[in-house]
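Since this is a predicted model, take the numbers as computed values, not measurements. Numbers here are sequence positions counted from 1. Both backbone and side-chain heavy atoms feed into the values below; hydrogens, waters and symmetry mates do not.
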Amino acid sequence: MNDNIKTVTVYPTTLELTTPTKPANGSNDDYDPHQHRELKNPTTNFQTFTHFLKASVGTGVLAMPSAFAHAGYVNGTLLTLVIGSLALYCLHILIKCMYILCKRQRVPYVSFSQAMNLGLKQGPPWLRCLAPIAVPFVDGFLAFYHFGICCVYVVFIAESIKQLVDEYLVVWDVRIHMCIIIVPLLLIYSIKNLKLLAPFSSAANLLLLVGFGIILYYIFEELPPLSERDPFVAAGKLPTFFGTVLFALEAVGVILAIEENMATPKSFVGPCGILNGGMSIVLGLYVLLGFFGYWKYGNESEGSITLNIPQSEIPAQVVKVFFAITTWISYALQGYVTAHILWDKYLSKRFKETRQTFYELIFRAIIVLLTFGCAVAIPDLSVFLSLVGSFCLSILGLIFPVLLQICVQYTEGYGPFRIKLIINLLLLCFGIFGGVVGTYVSIVDIIAVYK
């Protein structure tokens with residue numbers, strides 16, 4: 001296979017990971033998985049950082065003013081920081097548990113699904129029956145969720161282009177614009193190497209910075225008195241806020257993928273590492289846009305703040321172009337997870353190595369056409385993605401990492417008074433409650449829309 005095209009990581013298969021070569025407490029030996037990773041195209045710290053920002057700052061940030069309208073500016077600020085901190089903590093414990101399992105197995109890397117399989121086998125006896133379904137279950141959730149994000153990105157890009165074309169040229173149906181963007185999507189999605197995508201992410205981050213600057217210019221222009229906005233709202237609106245913020249913040253599949261492809265993975269999770277630094281910037285941006293966007297537009301905040309700013313002015317049109325371009329680049333990042341899971345883990349072994357590059361390009365083209373088909377069939381995919389986001393992300397981003405830590409710590413103990421177990425059980429309850437309530441509210445919203 002061409003080294004310049006494909007990032008290949010050589011790891012043992014799932015079957016080889018089922019029986020530890022060390023005792024359960026073998027995580028304390030001197031084997032360092034990070035030093036044994038074999039990557040053909042590793043990314044630098046800066047490239048990883050740009051990928052992290054681009055993966056975490058997607059179309060969800062444009063919905064933050066609307067999210068704050070469902071919480072109030074005080075509740076919204078505090079709860080965004082709380083949810084963001086919990087999501088960050090769960091990412092830390094997930095990556096830490098994967099590292100511990102690598103040390104126990106003496107392998108350079110295990111995927112999220114393999115980690116869940118191993119953890120359940122080493123955890124409490126009553127959970128071990130779930131181990132056989134862990135790999136397909138986690139892989140399925142990750143692939144499906146990121147495929148859904150790509151579908152929404154198709155709609156977002158097409159609608160952004162449509163607004164511009166309608167204003168200056170001719171009024172076309174949004175589905176025609178979806179057809180037009182198929183070729184650009186095929187081109188960006190044919191890049192299979194995260195290292196080659198890094199320059200695109202850097203350019204996208206610059207466009208995002210300029211775009212947010214223009215949006216903030218409109219927001220700070222003649223702000224109304226803050227007393228006209230609600231600091232708190234009825235508790236019944238909070239589940240919608242929870243689902244929106246969690247969807248906007250969580251990109252667990254992409255984050256794990258970029259950490260896996262790092263040349264120096266120890267730099268990712270340190271106290272001043274990429275994960276903490278990147279999430280601090282992301283949280284600050286989300287609170288900034290959510291707070292001041294709600295202050296400016298109140299309950300009239302749209303699902304995307306680009307719809308609130310003056311539609312006919314040139315700077316507003318520039319913002320739409322910039323966000324369409326950055327979303328086009330994000331399509332490749334989010335879709336990387338789906339292709340990485342389905343092709344690398346399940347399909348590539350079915351083809352001869354000399355022909356794998358050709359067939360993978362065909363497979364990626366099929367994914368693009370499927371996302372296009374879903375977007376054309378159901379242009380209002382956002383309501384369905386809120387359902388998938390509330391359900392999938394509460395499981396992938398909160399419940400599974402906590403459950404994995406409970407299993408990994410089972411043989412080593414949970415500390416004095418089982419404090420670690422108590423903390424994890426509280427987080428587990430929070431994830432289950434948020435997922436159930438958010439899913440219920442999303443279903444109610446879908447019924448209301450289609451009535």
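Taking the six-membered ring where tryptophan is involved, the planes of H340 and Y336 are essentially parallel, since the angle between them stays under 30° and well short of 60°.
In summary, of the residues considered (F212, W328, Y153), a ring-ring contact (aromatic ring centres under 6.0 Å, His included) with F323 occurs for F212 alone.
Side-chain polar atoms of D32 and Y99 form a donor-acceptor pair below 3.5 angstrom. Side-chain polar atoms of T326 and K54 form no donor-acceptor pair below 3.5 angstrom. Using a 3.5 Å distance cut-off with no hydrogens or angles, the side chains of T50 and N205 do not pair a donor with an acceptor.
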- Task: Decide yes or no on ring pair (Phe, Tyr, Trp, His ring centres under 6.0 Å) for F137 and F141, but give the supporting numbers first.
- Result: CA-CA 6 Å; F137 194 74; F141 265 75; 4.6 Å; yes
- Are Y359 and F351 close enough, and set up right, to give a ring pair (Phe, Tyr, Trp, His ring centres under 6.0 Å), and what steps lead you there? CA-CA 8 Å; Y359 285 115; F351 301 96; 4.6 Å; yes
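Looking at E259 and L275, their side chains never come closer than 4.5 Å, going by heavy atoms from C-beta outward. Two residues are said to be in side-chain contact when any heavy atoms from C-beta on lie closer than 4.5 Å; H51 and L197 meet this criterion. A heavy-atom distance below 4.5 Å is not found between the side chains of I180 and I161. Counting only heavy atoms from C-beta outward, the side chains of H146 and I341 never approach each other to under 4.5 Å.
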Acceptor/donor pairs from residues 76-86 side chains to any protein atom, 3.5 angstrom cut, sequence neighbours excluded:
| unit_1 | atom_1 | unit_2 | atom_2 | d |
| --- | --- | --- | --- | --- |
| T77 | OG1 | Y73 | O | 2.7 |
| T80 | OG1 | G76 | O | 2.6 |
| S85 | OG | L81 | O | 2.7 |

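Here the shortest heavy-atom pairing between Y189 and G335 reads OH-O, 2.6 Å. Nearest heavy atoms, S267 versus M262: CB-CE, 4.2 Å. For the residue pair C102 and Y31, the shortest heavy atom distance occurs at O-CE2, 4.0 Å.
A donor-acceptor pair is defined here as one N or O able to donate and one able to accept, closer than 3.5 Å; no such pair exists between the side chain of N261 and the backbone of P42. Within the 3.5 Å criterion, the main-chain N or O of F363 finds no donor-acceptor partner in the side chain of W343. In this structure, the side chain of Y109 does not engage the main chain of E260 through any donor-acceptor pair within 3.5 Å. The backbone N or O of S66 lies less than 3.5 Å from a partner atom in the side chain of H70, making a donor-acceptor pair. In terms of modelled atom types and a separation under 3.5 Å, the side chain of Y414 and the main chain of I406 share a donor-acceptor contact. Remark: the backbone N or O of K420 is paired with a side-chain donor or acceptor of N424 at under 3.5 angstrom. One N or O on the side chain of T338 and one on the backbone of A143 form a donor-acceptor pair closer than 3.5 Å. Judged by distance alone, the side chain of S113 and the main-chain N or O of D139 form no donor-acceptor pair under 3.5 Å. With hydrogens and angles disregarded, no donor-acceptor distance shorter than 3.5 Å links the side chain of R364 to the backbone of S190. Counting only distance, with no hydrogens or angles, the side chain of S304 and the backbone of L307 share no donor-acceptor pair below 3.5 Å.
Here F200 pairs with nothing under the ring-ring contact (aromatic ring centres under 6.0 Å, His included) rule; sequence neighbours left out. Under the side-chain contact (heavy atoms from CB on, under 4.5 Å) criterion, F322 pairs with L207, V210, V318, not counting sequence neighbours.
Heavy-atom contacts from other residues, nucleotides or ligands closer than 6.0 Å to OH of Y346 number more than 12. Within 6.0 Å of the CZ atom in R128, the count of heavy atoms belonging to other residues, nucleotides or ligands exceeds 12.
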